[in-house]
Every structure is written in C-alpha cells, then in structure tokens.
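Residue numbers count from 1 along this sequence. In listed order, ligands and their atoms are each counted from 1. If you're wondering where the values come from, they're calculated on a predicted model, not measured in any experiment. Any value given below was found using the heavy atoms of this structure, including those in side chains, with hydrogens, waters and symmetry copies removed.
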Amino acid sequence: MKPQAVIFDLDGVITDTAHLHFVAWRNVAAEVGIMIDEKFNAELKGISRMASLERILHHGGKDAAFDLSAREALAGRKNALYVDSLSQLTPQSVLPGMTSLLHTLKAQGIKTGLASVSLNAPAILTALGLQSHFDFCADASRLKRSKPDPEIFLAACEGLKVDPARCIGIEDAQAGIEAINASGMLSVGIGVGLKHADLLLDSTEELTWPRLEAFWNQQQRACASSH
Ligand code: G6P
Ligand code: MG
C-alpha cells in the first residue's frame, strides 16, 4: 500500500529562503545593536516570526528591552524587508527535483500538502509558480502553536482527509522533524545534523519517488513484522 499523502515544509524543502530571512533579520537586529551570523540563523529555521525575534533579542541579551508593541514594530520591519526580497524568487528557485516529485506523486495518486508556518507561504508559492501543485495548504494564520508542536501537520492531514499514520512529512528543520514525529507521520529530514528523522537525506536531489517508495515499503515491513 502506498502512502496516502506527502506533506512538505516550504522554506528549505521546496525553495531556499533561509538566506533572505537572514539578510532581513540581520538588518533589523543591527538596528537594535545585535549582531547575528549565518550559524545563529540556522537556529531560526522553522521558527515563527515572533519566536525568531525573541531568540534574537535573547541572543543579544535584550529580552526585556522591548515591549510587545516595539517587538511587533521590529517584526513588521523585518517582514517588509523580507517581502521585498521575495521578488528575487522565480520558478528557477524551486530546489532540485521538487517540481518533478510533485508531478510524480500526483501521477501515483498520492496527495500533496504544505505545512509551512510562514505567513508569506501563498506569495512564495505564487512566485515559484507552484500555487496549483498542492492539494491542500495549511493556513499558518490559524495556528495556535508553532513547530515543534504537530498542529500544522495535523491541520494539513485534516484538510487532505488522510490518516497521519499513513503519511510522510518532509522537513529541513529540527523543530519540524519533531512536529512530524509528534503527529504520527513518518519523517524525512533534508540536510545534515538533523536528529530523530526516520530517513535523512543530504539534499532534495535525493528526494525522489523511488527513494520514498523504498523507504515507505521498508517501514511497512518493519511495522508488520513487529506485530
Ligand atoms: C519558516 C522559516 C522561518 C520563518 C518562518 C515564518 O518556518 O523557516 O525562518 O521565521 O517560516 O515566516 P514568515 O514569512 O511568516 O515570517
Ligand atoms: Mg524549513
């Protein structure tokens, strides 16, 4: 039996926006006298906008320096810079193999979903020319809890009308792998150093349907033999 659905994170899986987030955050952090580098930025992967700001303020020892409205203003400035930079995205910015994987899954009758906490996800999909490639995109604006909580992956399963136990989730962030695992789906991690992924691949180039199918079948056999 095939999986019912494959549910994708967006940033770092479908396209690489981490650097654009970094440049925007670096500007806003510098405004308030905090320096961040790419290594620190890696810790912000999969983390929501406000939670990212809180981590940056903490990193600079300025947790208590800004009240809620000042934080909202900083987050708003970061987002304006980030949204400006999204004009660089084109269909060529889709990570290697991902458009073809989405087509193959459709041809195999496997549903596709998106589980991104980015409020800019609809604009990014449009810029990439992928807006009609997903059967369901979970709405980040309705989330009560960000990753590593499984809420967004469960919302995607609900929207697709599938059973999480019969789905695969794909992520490039540690918080995302934890969210997938907590949802009861099988987790596939993209990139080095991720912990607890059921399958870990170096890049999206390795993320093909034959690879996913072999992984799925192996997991089903392991599950059957343990019962
Ligand atoms: C993704 C990125 C994070 C980003 C978050 C919110 O998860 O990996 O770095 O903070 O989305 O994005 P947004 O576009 O709503 O600010
Ligand atoms: Mg990501």
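- Between I152 and A138, the shortest heavy-atom distance links the atoms CG1-CB, 3.8 Å.
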Practice prompt. For side-chain contact (heavy atoms from CB on, under 4.5 Å), just list the numbers for Q174 and E178, CA-CA rounded to whole Å, side-chain angles, deciding distance to a tenth of an Å, and then say yes or no.
Written response: CA-CA 6 Å; Q174 191 59 46; E178 277 153 32; 3.2 Å; yes

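- Comparing T17, D11, L10, D9 against atom 11 (O) of ligand 1, the shortest heavy-atom distance belongs to D11.
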Worksheet item: Going through the distances and angles, do K106 and H133 end up as a side chain to side chain donor-acceptor pair (under 3.5 Å)?
Response: CA-CA 9 Å; K106 190 168 284 257; H133 284 57; over 6 Å; no

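- Put simply, the residue from Q4, E158, M185 that forms a side-chain contact (heavy atoms from CB on, under 4.5 Å) with P164 is M185.
- The pair D139-R142 meets the salt-bridge criterion, since a charged nitrogen lies less than 4.0 angstrom from a carboxylate oxygen.
- Looking at atom 6 (C) of ligand 1, its nearest protein heavy atom turns out to be S118 CA, 3.8 Å.
- Around the Mg ion (ligand 2), the protein N, O or S atoms found under 2.8 Å comprise D9 OD2, D11 O, D172 OD1.
- When each of I14, L101, L207, D16 is checked for a side-chain contact (heavy atoms from CB on, under 4.5 Å) with L95, only D16 meets the rule.
- Protein heavy atom at the shortest distance from atom 8 (O) of ligand 1 is G46 N, 2.9 Å.
- The protein non-hydrogen atom at the shortest distance from atom 16 (O) of ligand 1 is R49 NE, 2.8 Å.
- Of the options L74, L81, L20, L44, a side-chain contact (heavy atoms from CB on, under 4.5 Å) to W25 is made by L44 and by none of the others.
- Considering all non-hydrogen atoms of both residues, R71 and F66 come closest at NE-O, 2.9 Å.
- Remark: ligand 1 atoms within the under-4.0 Å shell around heavy atoms of L44 are 3 (C), 9 (O).
- Ligand 1 places these atoms under 4.0 Å from at least one heavy atom of S52: 10 (O).
- Close contacts of ligand 1 with N120, meaning ligand atoms under 4.0 Å from a residue heavy atom, involve 13 (P), 14 (O).
- In this structure, F134 and F8 have perpendicular ring planes: the angle between them is above 60°, well past the 30° mark.
- Contact between S87 and D84 at its shortest, heavy atoms only, is OG-O, 2.9 Å.
- Atoms CG and CD1, from L200 and I190 in turn, are 8.0 Å apart once rounded to the nearest 0.5 Å.
- On a distance-only criterion, W25 and ligand 1 share no N/O pair closer than 3.5 Å.
- When each atom of ligand 1 is checked for a heavy atom of I47 under 4.0 Å away, the hits are 3 (C), 4 (C), 5 (C), 10 (O).
- Near L119, the atoms of ligand 1 lying under 4.0 angstrom from a non-hydrogen atom of the residue are 13 (P), 14 (O), 15 (O).
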